[in-house]
Novice: 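Take this structure, written in structure tokens, and hold onto it; I'll ask about it next.
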Amino acid sequence: MSFPITRLRRLRRNETLRGMVRETRLDRQDLVQALFVVEGSGRREPVASMPGVHRLSVDQVVLEAKKIADLGIPAVILFGVPAEKDARGSGADREDGIVQRATRAIVAAVPSLCVVTDVCLCEYTSHGHCGLLSGPADAREVDNDPSLERLASTAVSHARAGASIVAPSDMMDGRVGAIRRALDANGFEQVSILAYAAKYASAFYGPFRDAAESTPEFGDRRGYQMDPANRREALREMRLDLEEGADMLMVKPALAYLDILADARRTFDVPLAAYHVSGEYAMIKAAAERGWIDGDRAMEESLVSIKRAGADLILTYAAMELAERL
Ligand code: PBG
């Protein structure tokens, strides 16, 4: 060899050396466990498209919350699956709604755990859209401004139940501002907003919609969620949410949008979250079940890449299984 070789391999020779120069480490504290809550008691139903994930009744969710806290995971995000749905999503802001009851029970039983609630109407509306509809029967549309009031009142009901962080995922314009004002007006100045700021209209939400029974009855969510092809627009969404009062920003999904996450990290100095969504989880589990990939390693590699791209927090269905291995 006549030319000098730069020897990067010197620091890769064994695990001790690799550990010493490792740039990114996953920590239990980075994780938020996603949970589905259903009505009834003693229910622990497997979600077919998400091996390892269950829909839990409130009593079971409390047991799970204890395990989560014991594993050193600081937070959970709750998704409610109500027994009844209607056009205005009445169940979303009910004092005794499913998420409100689960939040109260968790806060009472495991006070150290941070309860984050997903604020949206789609799990509660009979039509499955994230806001209220208006217009003629053959051309119904999600109506932005009337939806804001429903979302704000949902967030307030979650705060009243004891949620520390509310996370609006509906993608209506102006919802962060509406929620901030409503929280403040009701004495919840200390409740934070984690905005699903750059939330894309993604095919990776499929398994979630099975679990939450929230597939839209007609049409799709492209009229309010972001176009996967857009990068600059994500910065606009995030900037607006910050101006409206978001404390933290989220990019969702995660793996197909790491460029967005990296942009956000360079641009904003607030805490950033990324949502490793149901389809991202399901793909790894499905391939691992067939023996096509090493599921544990693929999961860890995915999550570390999300942190490397700039996320401070990762919302994932794999938080518990990962924390058990860390
Ligand atoms: C509610 C909501 C969705 C997800 C989180 N909050 C579904 C959707 O927008 O269709 C998806 C989460 C996942 O796929 O894991 N709007």
Side-chain angles (χ1 to χ4, degrees), residues 31-37 47-55 76-82 85 89 91-93 97-99 116-125 127-132 142 144 147-148 150-151 154-155 158 163 165-173 175-176 179 193-228 237 250-257 273-286 299 302-303 306 311 313-319:
L31 305 173
V32 179
Q33 175 71 50
L35 296 173
F36 295 106
V37 198
V47 177
S49 51
M50 302 175 73
V53 174
H54 298 83
R55 309 199 313 174
V76 292
I77 179 160
L78 303 182
F79 297 96
V81 189
K85 307 185 187 226
D93 59 346
I98 183 73
V99 165
V116 185
T117 55
D118 182 83
V119 175
C120 195
L121 299 184
C122 66
E123 293 113 299
Y124 304 90
T125 50
H127 45 75
H129 278 287
C130 302
L132 302 177
V142 175
N144 196 84
S147 305
L148 299 183
R150 300 282 307 123
L151 292 160
T154 300
H158 292 173
I165 301 177
V166 293
S169 68
D170 53 284
M171 290 301 277
M172 297 301 117
D173 288 322
R175 92 272 206 214
V176 171
I179 289 172
I193 299 177
L194 165 59
Y196 283 73
K199 175 172 176 178
Y200 287 87
S202 170
F204 292 106
Y205 307 148
F208 174 97
R209 291 179 189 175
D210 291 341
E213 299 166 9
S214 66
T215 305
E217 190 183 63
F218 67 91
D220 53 43
R221 304 208 206 288
R222 284 179 241 209
Y224 38 104
Q225 297 180 349
M226 282 185 62
D227 184 331
E237 279 282 6
M250 195 197 303
V251 174
K252 176 188 175 193
L255 290 186
Y257 299 88
Y275 199 141
H276 181 241
V277 302
S278 56
E280 304 180 73
Y281 174 91
M283 285 195 298
I284 293 173
K285 293 292 178 184
M299 193 65 80
S302 299
L303 297 177
I306 296 168
L313 285 173
I314 306 171
L315 287 74
T316 173
Y317 301 93

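Read the numbers this way: they start at 1 and go in the same order the structure lists the ligands and their atoms.
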Novice: Could you pull out all residues at least two apart from Ser214 that satisfy side-chain contact (heavy atoms from CB on, under 4.5 Å)?
Specialist: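 side-chain contact (heavy atoms from CB on, under 4.5 Å) check on Ser214 returns Cys122, Glu123, Phe208, Arg209, Ala212, Arg221.
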Novice: Which bit of Tyr281 gets closer than 4.0 Å to ligand 1, counting heavy atoms only: side chain, backbone, both or neither?
Specialist: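 Tyr281 to ligand 1: no contact under 4.0 Å from either part.
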Novice: Tell me whether Ser278 has any N or O atom under 3.5 angstrom from an N or O of ligand 1.
Specialist: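 Yes: some nitrogen or oxygen of Ser278 is under 3.5 Å from one in ligand 1.
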Novice: Can we say Glu213 and Arg55 salt-bridge, meaning some charged N sits less than 4.0 Å from an Asp/Glu carboxylate O?
Specialist: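 Salt bridge: yes.
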Novice: For Phe79, take its heavy atoms, then give the atoms of ligand 1 lying under 4.0 Å from any of them.
Specialist: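 Selected atoms, number and element: 5 (C), 6 (N).
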Novice: Quick check against the 3.5 Å criterion: does His129 have a side-chain atom that pairs as donor or acceptor with the backbone of Gly219?
Specialist: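 No; judged by distance alone, with no hydrogens or angles, the pair does not exist.
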Novice: Counting heavy atoms only, name the option from Lys252, His129, Glu280, His276 that's nearest to atom 3 (C) of ligand 1.
Specialist: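 The nearest heavy atom belongs to Lys252.
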Novice: Name the option, out of Glu123, Lys199, Met171, that contains the heavy atom nearest to atom 16 (N) of ligand 1.
Specialist: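 Minimum heavy-atom distance to atom 16 (N) of ligand 1 goes to Lys199.
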Novice: Please list the nearest protein heavy atom to atom 1 (C) of ligand 1 with its residue and the distance rounded to 0.1 Å.
Specialist: Ser169 OG, 3.3 Å
Novice: Is any NZ, NE, NH1 or NH2 atom of the basic residue among Arg222 and Asp227 found under 4.0 Å from an Asp or Glu carboxylate oxygen of the other?
Specialist: no
Novice: Distance under 4.0 Å to a non-hydrogen atom of Cys122: what atoms of ligand 1 satisfy this?
Specialist: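 In order of number, 1 (C), 16 (N).
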Novice: Going by the atom numbers of ligand 1, which of them fall below 4.0 Å from some non-hydrogen atom of Tyr317?
Specialist: 12 (C), 13 (C), 15 (O)
Novice: Would you please name every residue forming a ring pair (Phe, Tyr, Trp, His ring centres under 6.0 Å) with Tyr257, sequence neighbours left out?
Specialist: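 Ring pair (Phe, Tyr, Trp, His ring centres under 6.0 Å) check on Tyr257 returns Tyr200.
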Novice: Is the backbone N or O of His276 less than 3.5 Å from a side-chain atom of Thr316, with the two atoms forming a donor-acceptor pair by type?
Specialist: no
Novice: How are the rings of Tyr317 and Phe36 set to each other: parallel, tilted or perpendicular (split at 30° and 60°)?
Specialist: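 The arrangement is parallel - the two ring planes meet at less than 30°.
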Novice: Have a look at ligand 1 and work out which part of Asp118, if any, has a heavy atom under 4.0 Å from it: side chain, backbone, both or neither.
Specialist: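 The part of Asp118 near ligand 1 is the side chain, not the backbone.
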Novice: Check ligand 1 against Tyr275 and write out every atom of the ligand that is under 4.0 Å from a heavy-atom position of the residue.
Specialist: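 Counting atoms of ligand 1 from 1, those under 4.0 Å from Tyr275 are 12 (C), 15 (O).
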Novice: Where the side chain of Arg175 meets the backbone of Pro168, is there a donor-acceptor pair that is under 3.5 Å apart?
Specialist: yes
Novice: Mark up the atoms of ligand 1 that fall under 4.0 Å of a heavy atom belonging to Arg221, in ascending order.
Specialist: 8 (C), 9 (O), 10 (O)
